[in-house]
Amino acid sequence: MEDSKIRELVAAMTLEEKAGLLSGDDFWHTKPVERLSVPGIMVSDGPHGLRKQDDAADNLGINDSIKAVCFPAGCASAASFNRELLEEIGDCLGKECQAEGVATILGPGVCIKRSPLCGRNFEYFSEDPFVASNSAAAFIKGVQKNNVGTSIKHFLANSQEHRRMSSTSEIDERTLREIYLASFESAVREAKPWTVMCSYNKINGTYAAANKKFLTDILRDEWGYDGVVMSDWGAVDERVDDLAAGLDLEMPGCHGVRDKEIVKAVAEGRISEKYVDESAFRILKWVYKYEENKCPRSNWDRMEHHKKAVKAAEETIVLLKNDNVLPLAREEKVAFIGQYAVKPRYQGGGSSHINSMYVSAAMDYVKENGYDNVSFAPGFNDRLDTLNEDELKYAVELAEKSDKVVVFAGLPDSYESEGYDRRHMNLPKAQLELIDELTKVNDNVTVVLHNGSPVLMPFINKVKGVVECYLSGEGVGAATAKILFGEVNPSAKLAETFPLKLSDNPSFLYYFGEGDRTDYREGIYVGYRYYDKKEMDVLFPFGYGLSYTTFEYSDLRLSSERITDEETLKVSCKITNTGSMTGKEAVQLYVGACDGEYVLRPVKELKGYEKLELKPGETKEVSFELGKRAFAYYDVDISDWYVNDDDYEIMIGASSRDIRLCGSVRVTPVNRKPVHFTVNSTCGDIMKNEKCKQAVMDFAARYMVIFSNDDGNAGEAMSEEMVRAQVEYLPLRAVVNFSLSEVITTEQVEEFVDKLNKLANS
């Protein structure tokens, strides 16, 4: 429907009808307006699968939903480093939504993984905003090509489940811009999700649903977003304030209570009716965008989508350690130990829990495909944290007579879910004891992990292989077996850092906060940005993942040695498969500012990635384009992105800690930010400006003879380095005190400052 027709429809509605549109009809539907034949539409949970509930609706995944296909969760799909895969997953879900009459699927989740403890990390993509936003954009494009909407969430800074409905995330402006807003920004700008879901929490003291700065000033006015902003379920506090801030739709339904509050506020003049009209317009535009393109009960093949879920899982499983123990050989006697080999944990709990029709298990796959030398022992019960002596004995005996052992371990459902956070990073004690006993009788043990967030690995030096499956959807069992036996070459890489211990994490001291206040004191140093700056050892770094083949990086080329911040730098290199097996490599590009003395910058930041498939001996070229934002930081003084005149290192690597190629480029801003020196500016800071450097040196030499070292005693007391430091960090106003050879007044210093400002801005 054309915008003009929708405007006419809004104009034909009563205030009560318009206000009614601004809250849900029930748990999953928008309100119809029967008098004007306006339909209601349905939304549904499930960033990685369709969780459509027709009856007994809830938002925590307790009640059953329709049978659907569960694709890899965000923690796993991001590890693919494959935009095409994310788009294909989205396309499958879009088709399922159309068939089931669902207008919008509530996802993807792009909140930053600030801590490994967040109970909902399995649903989110990464600790890095570039990966998160790129993954989200691809997923959104895939869904929405089917004329079905998405709801990118949770806007904003919802990085913990602990006290999520009352806590305030206290974050400085630069950190918000570079990390927490950045994970949404390019996805919103480029992929244009139909809806944005605001979070439960407050940001700097104001609830997200009532935060005009983020919902209107940034989301709509800066980013140009014109879709619907809806609340998370139950996130509304003050409905009228929320409407004025930019919240269009309250979910779920409020039984008309807050609709009446809106009507009353308009009648009393506390809010203009234009806010109601604009929100009603956006909601109707969303409704008709779906209604005019819907095709419910259209055909889609569940088994075909299951096969795609298996293929997706193959690209999301990360090989973390391999001391010549993998791939397994068909003729080897192999013991699969652990209940996840027959009943894998493949998804998280809560609102994204999918009622899967088919779930592949590793043991089922090996039986069906002629791997006759594979035996099984349950090993442990994930509902108990103690080992059964008989089961342990059987598992150890099986391991003793096997050539190789694969332990299927991980976190039980109860360990990580929406609504609460973990308190530690440990695997269950029973699983750790089992692994320890098995390594005593067999030297060739591989651990396969099923978890939505990093875990500690006290067994890392006792085992020869570690495979991180994450929560890779209903195809995880078949995909794992294929990777273990070399039918598929692993190609996923970590989209988050695995620390050696929880206390290494930059948010450790502040994560749960004090009462309802959580301070993000680590600032921009989230994930690898922190570990690299601190030069800390980690268990496994960001971007890390092994393959059964090897890759050589060569021939780095930069389009220029010097550019302005309005130009684009083109970067290319060549990747060669130097091994004997076809494989895929996720090539990563990082940028680092060379001079971080006056602006705190990470050592490196991811600004590009591409995934290549290469046959043995094959070489392909990979290319990147870097614009202003690749080099910029958010300058709070000018409230904008700014590029310092500096050299920037261009790093191409296989991970954040495995840089293979390096180059550099000089980037100069076209529009330099205004310089404003004062009498409190230090000599050193002023001398950083080339136009002012000589003037300051002459000024200091003329007046500050106390630092000339002419006096023998002074020379002994003050070294040349000390003199230089004293001058460098001395404010200009102090010259009045230290000028002994010639009297200088405060007025003369102020005149000199004026001269410097004219020089600097000329």
Side-chain angles (χ1 to χ4, degrees), residues 310 313-314 317 319 322 325-347 356 358-413 427-451 459 462-488 490:
V310 174
E314 292 170 7
I317 295 172
L319 180 59
N322 185 22
V325 71
L326 298 175
L328 305 171
R330 185 178 288 269
E331 62 274 11
E332 291 176 322
K333 291 183 179 179
V334 178
F336 278 9
I337 298 176
Q339 70 173 82
Y340 296 145
V342 294
K343 188 179 180 182
R345 179 165 183 253
Y346 63 95
Q347 65 173 326
S356 301
Y358 311 106
V359 180
S360 72
M363 275 304 300
D364 290 340
Y365 183 85
V366 296
K367 288 178 181 177
E368 294 165 3
N369 289 275
Y371 291 98
D372 299 328
N373 290 330
V374 178
S375 303
F376 171 72
F380 64 88
N381 184 331
D382 76 346
R383 295 187 179 183
L384 303 173
D385 205 11
T386 56
L387 292 173
N388 178 285
E389 289 188 10
D390 292 336
E391 288 184 348
L392 175 60
K393 180 180 178 182
Y394 178 65
V396 170
E397 289 175 350
L398 183 61
E400 281 184 305
K401 60 186 180 183
S402 299
D403 297 318
K404 292 179 179 177
V405 175
V406 181
V407 184
F408 288 74
L411 298 178
D413 284 331
L427 287 170
K429 181 180 177 182
Q431 294 185 28
L432 295 176
E433 290 177 355
L434 174 66
I435 294 169
D436 192 51
E437 292 300 315
L438 296 176
T439 57
K440 293 177 182 178
V441 299
N442 194 302
D443 293 330
N444 295 305
V445 175
T446 293
V447 175
V448 174
L449 293 168
H450 303 73
N451 47 288
F459 50 79
K462 299 178 182 179
V463 302
K464 288 189 176 178
V466 177
V467 177
E468 176 57 81
C469 289
Y470 276 119
L471 302 179
S472 285
E474 65 182 51
V476 65
T480 302
K482 287 182 178 183
I483 286 175
L484 288 172
F485 282 95
E487 294 181 32
V488 170

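If you're wondering where the values come from, they're calculated on a predicted model, not measured in any experiment.
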Enquirer: Can you measure from CG (Leu326) to CG (Asn444) and round to the nearest 0.5 angstrom?
Expert: 9.5 Å

Enquirer: Any donor-acceptor pair under 3.5 Å linking the side chain of Thr439 with the backbone of Val463?
Expert: no

Enquirer: So, using side chain to side chain donor-acceptor pair (under 3.5 Å) as the criterion, who are the partners of Lys440 when residues are at least two apart?
Expert: Glu437

Enquirer: I'd like a table of donor-acceptor pairs (distance under 3.5 Å, sequence neighbours excluded) in which one partner is a side-chain atom from residues 386-400, with atom names and distances.
Expert:
| residue | atom | partner | partner atom | Å |
| --- | --- | --- | --- | --- |
| Asn388 | OD1 | Asp390 | N | 2.9 |
| Asn388 | OD1 | Glu391 | N | 3.0 |

Enquirer: What residues, two or more places apart in sequence or in another chain, satisfy side chain to side chain contact (heavy atoms under 4.5 Å, CB included) together with Tyr358?
Expert: Arg302, Met303, His306, Glu474

Enquirer: Using only atom types and a distance under 3.5 Å, with no angle test, would you say the side chain of Asp364 pairs donor to acceptor with the backbone of Ser360?
Expert: no

Enquirer: Among residues at least two apart in sequence or on other chains, which ones pass salt bridge (charged side-chain N to carboxylate O under 4.0 Å, His left out) with Lys464?
Expert: none

Enquirer: Check whether any side-chain heavy atom of Ser375 lies under 4.5 Å from a side-chain heavy atom of Ser402, and answer yes or no.
Expert: no

Enquirer: So Leu319 and Ile483, side chain to side chain contact (heavy atoms under 4.5 Å, CB included) or not? Walk me through it.
Expert: CA-CA 9 Å; Leu319 180 59; Ile483 286 175; 5.8 Å; no

Enquirer: Go through it in stages, so that I can follow the logic: the residues are Val334 and Val366, the test is side chain to side chain contact (heavy atoms under 4.5 Å, CB included), and I'd like the CA-CA distance, side-chain angles, deciding distance and then a yes or no.
Expert: CA-CA 11 Å; Val334 178; Val366 296; over 6 Å; no

Enquirer: Quick one: list whatever passes side chain to side chain donor-acceptor pair (under 3.5 Å) with Asp413, sequence neighbours left out.
Expert: Arg345

Enquirer: Taking side chain to side chain donor-acceptor pair (under 3.5 Å) as the test, write out the residues that go with Asp436, two or more places apart.
Expert: Lys462

Enquirer: Taking the side chain from Gln431 and the backbone from Gly410, do they hold a donor-acceptor pair closer than 3.5 Å?
Expert: yes

Enquirer: State, with a plain yes or no, whether a side-chain heavy atom of Lys367 is found less than 4.5 Å away from one of Phe376.
Expert: no

Enquirer: Side chain to side chain contact (heavy atoms under 4.5 Å, CB included) between Val448 and Leu484: does it pass, once the steps are laid out?
Expert: CA-CA 9 Å; Val448 174; Leu484 288 172; 4.2 Å; yes

Enquirer: Any chance you could measure Tyr470, atom OH, to Ile317, atom CD1, to the nearest 0.5 Å?
Expert: 12.0 Å

Enquirer: Which residues pass the side chain to side chain contact (heavy atoms under 4.5 Å, CB included) test with Lys343, not counting sequence neighbours?
Expert: none

Enquirer: Would you indicate whether the side-chain heavy atoms of Asn373 and Asp403 approach each other to under 4.5 Å?
Expert: no

Enquirer: Which salt bridge (charged side-chain N to carboxylate O under 4.0 Å, His left out) pairs, counting each pair once, include a residue from residues 326-340, with sequence neighbours left out?
Expert: Glu332-Lys404

Enquirer: Mind checking ring-ring contact (aromatic ring centres under 6.0 Å, His included) for Phe485 and listing every partner two or more places apart, or none if nothing turns up?
Expert: Tyr371

Enquirer: Within the distance-only criterion (no hydrogens, no angle test), does the side chain of Asp382 pair as donor or acceptor with the backbone N or O of Gln339 below 3.5 angstrom?
Expert: no

Enquirer: Tyr340: what forms a ring-ring contact (aromatic ring centres under 6.0 Å, His included) with it, not counting sequence neighbours?
Expert: Phe380, His450

Enquirer: Taking only residues two or more places apart in sequence or in another chain, which ones pass side chain to side chain donor-acceptor pair (under 3.5 Å) with Asn322?
Expert: none

Enquirer: With a 4.5 Å limit on heavy-atom distance, are the side chains of Leu427 and Leu449 in contact?
Expert: yes

Enquirer: Could you list the residues that satisfy salt bridge (charged side-chain N to carboxylate O under 4.0 Å, His left out) with Glu468, not counting sequence neighbours?
Expert: none

Enquirer: Do the side chain of Asp385 and the main chain of Ala430 share a donor and acceptor less than 3.5 angstrom apart?
Expert: yes

